[in-house]
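In what follows, a structure is listed as structure tokens, so that the remarks can point back to it.
FYI, the numbering just counts along the sequence from 1. From a predicted model like this one, the values you see are computed outputs, not experimental measurements.
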Amino acid sequence: MLASTPSRMDAQSAGSLDMKDGKARFSQRHLLLSMAEEAGVFKGESVLIVAPPGSGKTWLGLEVAAGRALMGEKAAYLAPLRALAAECYRKIKRKGLSASLTTGDYHLPLGEEWSVLVSTFERFDSLARRSEVSVGTVVVDEVHTLGDGRRGARLEGLLVRMRESNVQLVALTATLGNAEEIAEWLGLKLLKLKPARRQPKVIVCQDKNRAVLELAERAVNERKQLLVFVSTRRSAESLAKVIAKKIGLDFTCSSLKCLPDELGELAASGVGYHHAGLTRKTRAAIEELFDQGVIRVLVATTTLSAGVNIPASIVAVRDLRVFDGERSTYLDANVLHQILGRAGRRGGKGESFILCQSHAEKGAVLRRYFNGSAPVTSSAVSQIGRFLDEQVLVEVYRRGEASLRDLQEFLERTLWWKQRIREKLRLKPEKVVVEGQVAKGFFKASKAIISFDPLRFSCSCSLPQPCPHVKALASEVGVDLSNPLKPVLERLARQGFLEQTTGKTYFLSAFGALTVKLYLTCDVALLLRRRVRMCRSERDVKLLAMEALEECAGRKLGKPHEENADLPWMIYCIGEVARLEGAVNAMLASQTLRGEVERWSQLREDAK
């Protein structure tokens with residue numbers, strides 16, 4: 001199955017190796033492979049693998065996907081970022097396997113020829129919703145993205161549906177404080193590789209930029225490379241220019257010609273910057289130049305934090321506070337550990353630094369980030385309305401027709417529900433008793449037995465439900481007896497997404513089905529419909545499309561995440577909503593409008 005497989009060792013001896021002292025017989029990559037084989041990963045077992053950065057978990061995930069493909073099955077490899085997806089696609093192709101790459105801004109046609117599909121989370125979710133892809137194995141890299149406030153909820157829904165479909169699921173992460181809980185939730189075996197802890201140096205300095213310049217000079221003098229992480233695109237560009245003036249290298253390389261003038265001049269000086277505002281082609285060129293050693297100092301935003309294999313001898317974090325689109329907040333602990341893990345990858349020794357401006361800040365940093373890995377909590381908590389709306393529509397679309405019970409059962413399988421109930425019970429566990437003792441989810445109330453199913457309390461007594469026993473229990477636990485799905489279904493029906501049968505089951509309207517197919521959130525779908533209904537002619541629809549393109553390109557409205565900002569697709573969505581509303585004909589909606597805007601978008605890109 002694999003080109004070269006190290007000799008096996010049993011799980012007990014594998015677990016006994018001390019990876020800290022450097023005397024282990026096997027490298028971390030070999031140990032990780034051995035553990036995976038013992039767990040049956042290459043035989044179809046579903047697992048959650050928690051391994052430190054640089055230990056080879058991405059390599060292992062690719063080997064799993066490739067191995068299943070060689071056995072005649074189709075596999076998918078999901079990555080959080082387009083850059084990582086493109087890198088994994090190239091690695092699969094180098095193995096001689098047929099593969100297809102599909103992401104937000106670039107995708108090949110999905111034919112029958114591919115054996116491995118490489119995609120981002122959102123793109124694969126969109127394909128899976130429409131049943132356009134069928135695979136036997138799915139590898140999910142950086143699964144801790146579940147906790148991401150913008151993207152985690154959709155990934156959570158995708159994972160629940162994948163577990164229902166009985167595909168092999170291989171989830172990978174480097175930082176997960178509650179790995180046992182996530183593994184239990186998904187029904188996965190848990191494999192943990194103990195990290196060789198490299199505590200970063202937390203430096204107190206009044207002038208952070210001066211400290212970065214000193215690290216840059218040292219890296220160049222010692223023929224090493226430096227990665228500097230900052231919070232904003234503007235900071236990345238300005239700091240890179242300052243460093244270029246200081247170190248003053250001079251390189252000549254044919255790859256420099258594909259960079260924009262300013263960036264090309266910086267790269268010729270041995271310095272570069274990397275952020276989501278650059279085109280995919282430019283980002284790939286910067287990554288290649290850094291990998292070749294032409295760029296010695298790279299200043300980046302957290303675009304590089306997840307997965308893209310760009311190691312460095314020295315990593316420095318200048319900014320720990322980032323802007324999340326609404327407010328300034330501390331960098332997520334899992335993201336920080338991903339960043340620090342880039343120091344010394346590929347087996348070399350590395351150093352990592354965090355820059356602070358006071359000893360008080362240093363103490364806060366150590367307490368916040370180095371008391372163990374941060375647990376991942378469902379991001380649906382912060383956007384429960386949007387989460388319920390979207391997942392209800394997807395579940396109804398998948399089933400064709402769904403009852404309230406069907407939707408309740410789906411909701412109970414989410415991480416949000418599991419953690420919500422756990423939190424309720426954690427508050428005052430000694431009070432979760434109603435005239436009796438608690439045992440395995442059942443509560444004895446006098447001679448009645450109450451089944452503790454948070455969406456559906458039920459009691460064995462003959463009184464009308466909810467009976468006094470149930471009400472007493474709900475009061476003690478602090479759980480609202482009202483069903484959270486009923487108002488959601490009523491609202492979605494009022495808004496035109498759902499329709500109800502006489503048998504009290506639900507199915508999607510044409511507008512609801514289009515919302516799912518186009519991978520839109522309900523609020524965006526409503527906005528597009530409202531704006532389209534204001535159009536009086538086909539010319540108005542074209543103007544609306546151009547306006548939307550400008551707004552998205554300038555990040556004026558919605559501030560879409562990099563992975564979701566596929567502008568031509570959004571324009572296509574406007575056309576399809578317009579067609580449904582009768583504002584334009586099908587030809588204009590599906591071809592002419594999208595083609596015109598794509599051409600305009602390309603001209604705009606070339607003019608940059």
Side-chain angles (χ1 to χ4, degrees), residues 19 28-29 31-33 35-36 39 41 45-65 76-81 83-85 87-88 118-122 124 137-156 158-160 162-163 168-198 302 304-309 311 331-342 345 369-379 415 418-419 563:
M19 300 306 295
Q28 281 193 317
R29 176 176 289 193
L31 176 56
L32 189 60
L33 177 58
M35 294 170 65
V41 176
E45 287 290 339
S46 295
V47 296
L48 169 61
I49 298 175
V50 183
S55 62
K57 63 182 182 303
T58 296
W59 166 82
L60 178 63
L62 291 172
E63 290 291 344
V64 172
Y77 191 99
L78 310 187
L81 299 176
L84 176 57
E87 179 185 347
C88 292
V118 183
S119 181
T120 51
F121 300 151
E122 289 84 2
F124 184 81
T137 296
V138 179
V139 180
V140 182
D141 206 349
E142 314 291 357
V143 74
H144 57 263
T145 307
L146 276 166
D148 186 283
R150 295 184 180 184
R151 308 174 65 199
R154 278 178 161 171
L155 177 58
E156 182 176 336
L158 174 62
L159 289 173
V160 172
M162 281 197 295
R163 293 309 287 149
Q168 180 193 15
L169 177 61
V170 178
L172 310 174
T173 182
T175 49
L176 199 60
N178 55 337
E180 291 79 7
E181 179 187 22
I182 301 301
E184 179 189 357
W185 165 56
L186 290 172
L188 307 178
K189 288 184 179 180
L190 176 61
L191 302 182
K192 295 180 74 173
L193 184 62
K194 189 176 181 180
R197 287 286 182 185
R198 289 192 295 257
T302 54
L304 276 180
S305 65
V308 185
N309 191 24
L331 194 65
D332 180 77
N334 289 323
V335 173
L336 178 64
H337 287 293
Q338 291 280 343
I339 290 173
L340 298 175
R342 303 207 160 274
R345 283 195 178 188
Y369 293 111
F370 300 102
N371 287 327
S373 299
V376 167
T377 57
S378 172
S379 61
L415 180 62
K418 177 181 176 64
Q419 292 182 331
E563 294 303 317

Passes side-chain contact (heavy atoms from CB on, under 4.5 Å), Leu78 versus Val139? Steps please.
-> CA-CA 6 Å; Leu78 310 187; Val139 180; over 6 Å; no

side-chain contact (heavy atoms from CB on, under 4.5 Å) between Leu193 and Leu31, intermediate numbers included = CA-CA 8 Å; Leu193 184 62; Leu31 176 56; 3.3 Å; yes

Quick one: do Leu191 and Leu48 satisfy side-chain contact (heavy atoms from CB on, under 4.5 Å)? Show the steps, please.
-> CA-CA 6 Å; Leu191 302 182; Leu48 169 61; over 6 Å; no

For Trp59 and Leu33, run side-chain contact (heavy atoms from CB on, under 4.5 Å): C-alpha distance rounded to whole Å, both residues' side-chain angles, the deciding distance at 0.1 Å, then the answer.
-> CA-CA 10 Å; Trp59 166 82; Leu33 177 58; 3.9 Å; yes

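Side-chain atoms of Lys189 come within 3.5 Å of backbone atoms of Ala39 as a donor-acceptor pair (strictly under, hydrogens ignored). Under a 3.5 Å cut-off, the side chain of Ser379 and the backbone N or O of Asp148 do form a donor-acceptor pair. Side-chain atoms of Asn178 come within 3.5 Å of backbone atoms of Val376 as a donor-acceptor pair (strictly under, hydrogens ignored). Judged by distance alone, with hydrogens and angles left aside, the side-chain atoms of Glu181 form no donor-acceptor pair with the main-chain N or O of Thr377 at under 3.5 Å. With hydrogens and angles ignored, the 3.5 Å screen pairs a side-chain donor or acceptor of Gln168 with a backbone N or O of Glu45. Ser119 places a side-chain N or O within 3.5 Å of a backbone atom of Phe124 that can act as its donor or acceptor partner.
Of all non-hydrogen atoms in Asp141 and Tyr77, the two that sit nearest each other are OD2-OH, 2.8 Å. The minimum heavy-atom distance linking Val118 with Ala85 is given by the pair CG1-O, 3.2 Å. Closest approach of Ala51 and Lys57 over heavy atoms only: O-CD, 3.8 Å.
Residues Cys88 and Leu62 are in side-chain contact: their nearest non-hydrogen atoms beyond the backbone lie under 4.5 Å apart. With a 4.5 Å cut-off on side-chain heavy atoms, Val143 and Leu159 count as touching. Put simply, the side chain of Thr173 does not reach to within 4.5 Å of the side chain of Ile49, judged on heavy atoms. At least one side-chain heavy atom of Val140 sits less than 4.5 Å from a side-chain heavy atom of Phe121. Between Leu172 and Glu142, the closest side-chain pair of non-hydrogen atoms is not below 4.5 Å. Taking 4.5 Å as the limit, every side-chain heavy atom of Val41 sits out of range of all side-chain heavy atoms of Leu60.
A salt bridge between Lys418 and Glu184 is present, with a side-chain N of the basic residue lying under 4.0 Å from a carboxylate O of the acidic one. For Arg151 and Glu122, the salt-bridge test passes: some basic side-chain N is under 4.0 Å from an acidic carboxylate O.
Put simply, CG on Leu155 and OG1 on Thr120 are 11.0 Å apart, with the number rounded to the nearest 0.5 Å. In this structure, the separation between CG on Leu32 and NZ on Lys192 is 14.0 Å, given to the nearest 0.5 Å.
Between Glu156 and Ser378, the side chains place a donor N or O and an acceptor N or O closer than 3.5 Å (distance only, hydrogens not considered).
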